[in-house]
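Structure, as structure tokens:
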Amino acid sequence: MDVQVFAREGELLEGEWPAAALTRLADTAAAEAPAVGWPAVRWSTIGEIRTPRGSEAQIWLRLDAQAQVAQTCQRCLKPVQEEVAVSRWFRFVRDEEQAAELDMDGDDDVLALPRHLNLQDLAEDELLLALPLVPRHDVCPEPLPLAEPDELEEEEAEERPNPFAALAALKKGTAGKA
């Protein structure tokens, strides 16, 4: 997409992509719930030109995207469904240097204006950033198994000599010689 033309025209685009088409997002899938079974990723975008008082025209793009993903719960290791949604405005400027400067100075998301923007990549980036850091159920579907000591470990612990037994024997042997 040509962002500058899109913003100048004030256009609105919306659609859906198969979740599996967003390969980096699909790579986060739980093994038991691959992305081919997820609902489609819904998205919309609108562009606009803003002209602040006493300033040059600015190119803006709003991106909204929603996805339902299934990741591995870090407690029970079963798939957990997560709703992921983003809604963000991006300001486009002439080059990377200006983008970095403005991005540090303000709260706006500032990007360098590309010749052509891959909207799917931008949406995927934003959805990846919105994923939970530690996916987990509020309440796991099955009780977590309690860790039971292995019988072999118990036997080994019984067979292992107490490291202080030798010290105790030395102490008894020297106690009578003093």
Polar side-chain atom of Gln120 near backbone of Ala21 as donor-acceptor pair, under 3.5 Å: yes
Over all atoms of both residues, closest heavy-atom pair of Met1 and Leu13: CE-CD1, 3.7 Å
Closest non-hydrogen atom pair, Pro135 against Val80: CB-CG1, 4.0 Å
Any side-chain heavy-atom pair of Phe6 and Leu61 under 4.5 Å: yes
Cluster link Ile49 to Leu63, ILVMFWY, side chain under 4.5 Å: yes
Distance in Å, Glu142 CD paired with Lys78 NZ, rounded so as to fall on 0.5 Å steps: 5.0 Å
Candidates Leu122, Val110, Val3 - the one meeting side chain to side chain contact (heavy atoms under 4.5 Å, CB included) with Phe90: Leu122
Residue pair Cys73 / Cys140, side-chain heavy-atom distance below 4.5 Å: yes
Shortest non-hydrogen contact from Glu126 toward Val86: O-CG1, 3.5 Å
Interatomic spacing from CZ in Arg50 to OG in Ser55 - rounded to 0.5 Å: 12.5 Å
Check against side chain to side chain contact (heavy atoms under 4.5 Å, CB included), Arg24 and Asp125: CA-CA 9 Å; Arg24 292 175 294 142; Asp125 289 345; 2.8 Å; yes
Nearest non-hydrogen partners of Phe92 and Ala112, listed with the distance: CD2-O, 3.8 Å
Residue from Leu127, Thr28, Val41 passing side chain to side chain contact (heavy atoms under 4.5 Å, CB included) with Val84: Leu127
Step-by-step side chain to side chain contact (heavy atoms under 4.5 Å, CB included) determination, Asp64 to Ile46: CA-CA 9 Å; Asp64 294 298; Ile46 189 168; over 6 Å; no
Sidechain-backbone polar pair: Glu124 side chain, Thr23 backbone, donor-acceptor under 3.5 Å: yes
Candidate pair Glu82 and Gln68, rule side chain to side chain contact (heavy atoms under 4.5 Å, CB included), full reasoning: CA-CA 6 Å; Glu82 298 282 351; Gln68 184 178 22; over 6 Å; no
Ionic contact status for Asp109 with Arg88, cut-off 4.0 Å: yes
Other residues, nucleotides, ligands: >12 heavy atoms within 6.0 Å of Arg136 CZ: no
Aromatic Trp17 / basic Arg42 pairing, under 6.0 angstrom, 45° off normal: no
Side chain His137, main chain Arg75, donor-acceptor under 3.5 Å: no
Side chain to side chain contact (heavy atoms under 4.5 Å, CB included) between Leu113 and Gln4, worked out: CA-CA 8 Å; Leu113 184 64; Gln4 193 166 9; 3.8 Å; yes
Closest non-hydrogen atom pair between Ala29 and Trp38, with its separation: CB-CZ2, 3.3 Å
Heavy-atom side-chain proximity of Asp2 to Leu117 below 4.5 angstrom: no
Heavy-atom check, side chain of Trp43 versus side chain of Leu119, under 4.5 Å: yes
Side chain Thr45, main chain Arg62, donor-acceptor under 3.5 Å: yes
Cluster check Trp89, Leu12: I/L/V/M/F/W/Y, side chain < 4.5 angstrom: yes
Gln74 side chain vs Thr72 backbone, donor-acceptor pair below 3.5 Å: yes
Non-hydrogen atoms of Pro141 and Cys76 that approach each other most closely: CD-SG, 4.1 Å
